[in-house]
Amino acid sequence: MSILHILQKNTVESLQVLYGQDFSEQDFQVNQTKPEFEGDYTVVLFSLVKRLKLSPDAIGNALGGHLVKTYPELFTGFNIIKGFLNLSVANSYWISLLEKNHNDVCFGKQAMNGKRVMVEYSSPNTNKPLHLGHLRNNFLGWSVAEILKANGYEVFKSCIVNDRGIHICKSMIAWQLFADGATPASTHTKGDHFVGDYYVKFNDEYKKQVSELMEKGMSKENAEKEAPIMQATQQMLLDWEAGEPDVMELWKRMNSWVYEGFDVTYKNIGSDFDKTYYESNTYLLGKKIVEEGLAKGVFVKDPDNSVWIDLTNDGLDRKIVQRKDGTSVYITQDIGLAQQKYEEYKIDQSIYVIGDEQNYHMKVLKLIAEKLGLPNAENIYHLSYGMVELPTGKMKSREGTVVDADDLVDEMIATAKQHTEDLGKVKDFTTEELASLYKTIGLGAMKFYLLRVDPKKKMIFNPQESIDFHGFTGPFIQYTYARIKSILRKETLQPGASLGADLLPLEKEILITLEQYPTIVMQAGREQNPSAIANYLFHLAQVFNSFYAEHSIANAENESKKQLRLQLSSMTANILKSGTALLGIQVPERM
RNA sequence: GGUCCGGUAGCUCAGCUGGAUAGAGCAUCAGCCUUCUAAGCUGAGGGUCAUUGGUUCGAAUCCAAUCCGGAUCACCA
């Protein structure tokens, strides 16, 4: 139990003893004491004044006195300033916390709670390579899954691949028209980029054809429909749905190129999935759902045979769930998949990591699932994250401002290499060790940069800022870890050693911060928010570095101080390592 | 227009279950490597927390209105 929680509980008990009244932990606030006052934790007394009809000073004196008297091993003194009761926590509490946990690499992890959760993330289209936006999604999804595991959930990572539809046919048509049989192998191109290039070619040709038709006097709207390449694409989609062998073969072939490329990227950035769903399989579930919904009266059929759901009573609109030609739309497939996930994994919660541009869509999905009476409908949760923008504005594929994921990863690794070489601290590393270090640092910088901000908010990706490895960055934390490990290699930590009874301010500050880690992990899990971890780790590293600059560990004043500081260092390193692991970031022993 | 989200230092962001003088990083300026890794540390300057009103002992935080920015409202996914 956290010290904050203990203090809350003790306060409730004391108030009961002192005044015979039942208070709950929500009836008053406990904070960390501001540095300018004496004490460690502060009970804010104002909210108790009204109910007890006593002055803040009277309550503070009674409560402070009672706490110190009743829990002398915990509280050593108190003072009251303007309605704030400041309590000092005994050094022995902090020191025993350190003795117990300095070597526990699982500190902060919760026991299994028996709940099963699925986290769906990444969800790429197979017509173009991954970009910066996908990276935020991938890092977020992966990290949230790990954070939930640390909170005791059994987690399944899943991915729905959007592998069919008109956009896929566009790349296929363009390949037929322009590739002349070229393949990723023949052109030495990564498969997903190769296919993406034909998607671009499609759009170029389409634009050309539309403007040609418009020059001949056709309206823009008609030209967009009549352009031969678009007509061919629509025909191809029909052929695909009819299972036409040539089309299916080409589709499989081009998708396999894309998957080869994706695999490389996923492996590189450390994304993995327990289950991959393919839209080409799940879209058929739509029909069944629509029939059931019609039978239940949840859906209605219009005269033209299209099927709708009326959500106007829920403040939304009428929404189509099946086209008049009987084909299923995006949302229908999602309902089917939601059900399939539940049936296959018996999950208690289903999390969707999807951009906030789809807030409306996800609201509709959940509503429909509820109206259909799907068993886990109320546990569908949209983890909605903000878009990634550039300092110049939004990324636009038409304007070529999309930041490619593979390029970015390469750039970050190259930057890590450059910095490392400039500093020249690891000249004895082998080529393999260096390559691994560059990757650890480059990816660490990138992941931290994308995870350090609140996922719900849109963020700006500043290329210059992202390759700065100083300050609030991944490498700063990695560096702090490497520094500690350097000491721990040279000095011997003796587990049962006497640590003395005194704590210097900076030593105590580290301990107070270390103690918060389990609370932060819980908070990050509750909020599904990796940035809580990132902010915490940065703060911990900062506090440790201040301590490190101020006090010597190897040449401490005496042996018990040295052992105390070695244990502080060890526990800090463990938390830096396990915390960064929750963000998908590794820490190097040297850098 | 309807719905939803956001506006905190020059820039990027914390803080938001109401609590003491609003915090970091970057950038700027001034210091600190003969002792454990300077990818570090110490200090300085920098704020009408969009605006106005309300709630109360107390508001960046809660409520309302206004202004500004964004997302979304397809027989696209």
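Predicted model only: the values in this text are computed from it and were never measured. Chain naming here is simple, since letters A, B, ... match the order of the sequence lines and numbering starts at 1 in each.
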Side-chain-base donor-acceptor pair under 3.5 Å for A:Thr42 and B:A20: yes

Stacking of A:Tyr479 on B:G40 base (centres under 5.5 Å, planes under 30°): no

Cationic N near anionic O, under 4.0 Å, A:Lys366 to A:Asp334: no

Side chain of A:His361 (C-beta onward), nearest among B:C75, B:A77, B:G19: B:A77

A:Asn305 and A:Arg323: CA distance, side-chain angles, deciding distance, side chain to side chain donor-acceptor pair (under 3.5 Å) verdict: CA-CA 8 Å; A:Asn305 253 350; A:Arg323 296 189 187 96; over 6 Å; no

Proximity to RNA chain B (any heavy atom under 4.0 Å), residues of residues 444-451 of chain A only: none

Touch class at under 4.0 angstrom, heavy-atom based, for A:Ile460 against every strand present: sugar-phosphate

Touch class at under 4.0 angstrom, heavy-atom based, for A:Phe476 against every strand present: sugar-phosphate

Stems involving RNA chain B, each a run of at least 3 consecutive Watson-Crick or G-U pairs under 3.5 Å: B:1-7 with B:67-73, B:10-13 with B:23-26, B:28-32 with B:40-44, B:50-54 with B:62-66

Sequence neighbours left out, cut at 3.5 Å: what donor-acceptor pairs do the side chains of residues 48-60 of chain A make with other protein atoms?
{"from": "A:Arg51", "atom 1": "NE", "to": "A:Gln21", "atom 2": "OE1", "distance (Å)": "3.4"}
{"from": "A:Arg51", "atom 1": "NH2", "to": "A:Gln21", "atom 2": "OE1", "distance (Å)": "3.4"}
{"from": "A:Arg51", "atom 1": "NH2", "to": "A:Asp22", "atom 2": "O", "distance (Å)": "2.7"}
{"from": "A:Ser55", "atom 1": "OG", "to": "A:Ala58", "atom 2": "N", "distance (Å)": "3.1"}

Touch class at under 4.0 angstrom, heavy-atom based, for A:Asp356 against every strand present: sugar-phosphate

Ring geometry between A:His131 and A:His134 (parallel below 30°, tilted from 30 to 60°, perpendicular above 60°): tilted

Under-4.0 Å salt bridge between A:Lys562 and A:Glu557: no

Pairing of A:Glu507 and A:Lys561 as salt bridge, 4.0 angstrom limit: yes

Grab the N/O contacts between the protein and nucleotides 42-47 of chain B below 3.5 Å, and write none if there aren't any.
{"from": "B:U42", "atom 1": "OP1", "to": "A:Ser546", "atom 2": "OG", "distance (Å)": "2.8"}

Under-4.0 Å salt bridge between A:Glu389 and A:Lys457: no

Below 3.5 Å between N/O atoms, which protein atoms pair up with nucleotides 28-34 of chain B? Just atom names and distances, please.
none

Among B:G25, B:A20, B:G19, the one nearest A:Phe46 by side-chain distance: B:G19

NZ or CZ of A:Arg136 within 45° of A:Tyr385 ring axis and under 6.0 Å: no

Where the chi angle of B:C33 falls, syn if within 90° of 0 and anti if not: syn

Side-chain N,O (A:Lys457) to OP1/OP2 (B:G6) below 4.0 Å: no

Check: A:Asp304 side chain, B:C75 base, donor-acceptor under 3.5 Å: yes

Base of B:A24 and ring of A:Phe538 stacked, centres under 5.5 Å, planes under 30°: no

Near-parallel close stack of A:Phe84 and B:A20 base (under 5.5 Å, under 30°): yes

Lys/Arg N to Asp/Glu carboxylate O, A:Lys417 vs A:Glu421, below 4.0 Å: yes

Below 4.0 Å: OP1/OP2 of B:G19 and any side-chain N or O of A:Gln29: yes

Touch class at under 4.0 angstrom, heavy-atom based, for A:Ala549 against every strand present: sugar-phosphate

Sugar-phosphate only, base, or nothing, as touched by A:Ser569 at under 4.0 Å among non-hydrogen atoms: nothing

Side chain A:Asp334 and base B:A77 donor-acceptor under 3.5 Å: no

Output a table of donor-acceptor pairs, distance under 3.5 Å, between side-chain atoms of residues 531-543 of chain A and any protein atom two or more places apart or on a different chain; print 'none' if there are none.
{"from": "A:Ser531", "atom 1": "OG", "to": "A:Asn529", "atom 2": "OD1", "distance (Å)": "2.7"}
{"from": "A:Ser531", "atom 1": "OG", "to": "A:Asn529", "atom 2": "ND2", "distance (Å)": "3.4"}
{"from": "A:Asn535", "atom 1": "ND2", "to": "A:Ser531", "atom 2": "O", "distance (Å)": "2.8"}
{"from": "A:Tyr536", "atom 1": "OH", "to": "A:Thr513", "atom 2": "O", "distance (Å)": "2.7"}

Touch class at under 4.0 angstrom, heavy-atom based, for A:Val44 against every strand present: base

Face-to-face contact A:Phe472 to B:C13 six-ring, under 5.5 Å, under 30°: no

Below 4.0 Å: OP1/OP2 of B:A38 and any side-chain N or O of A:Arg483: yes

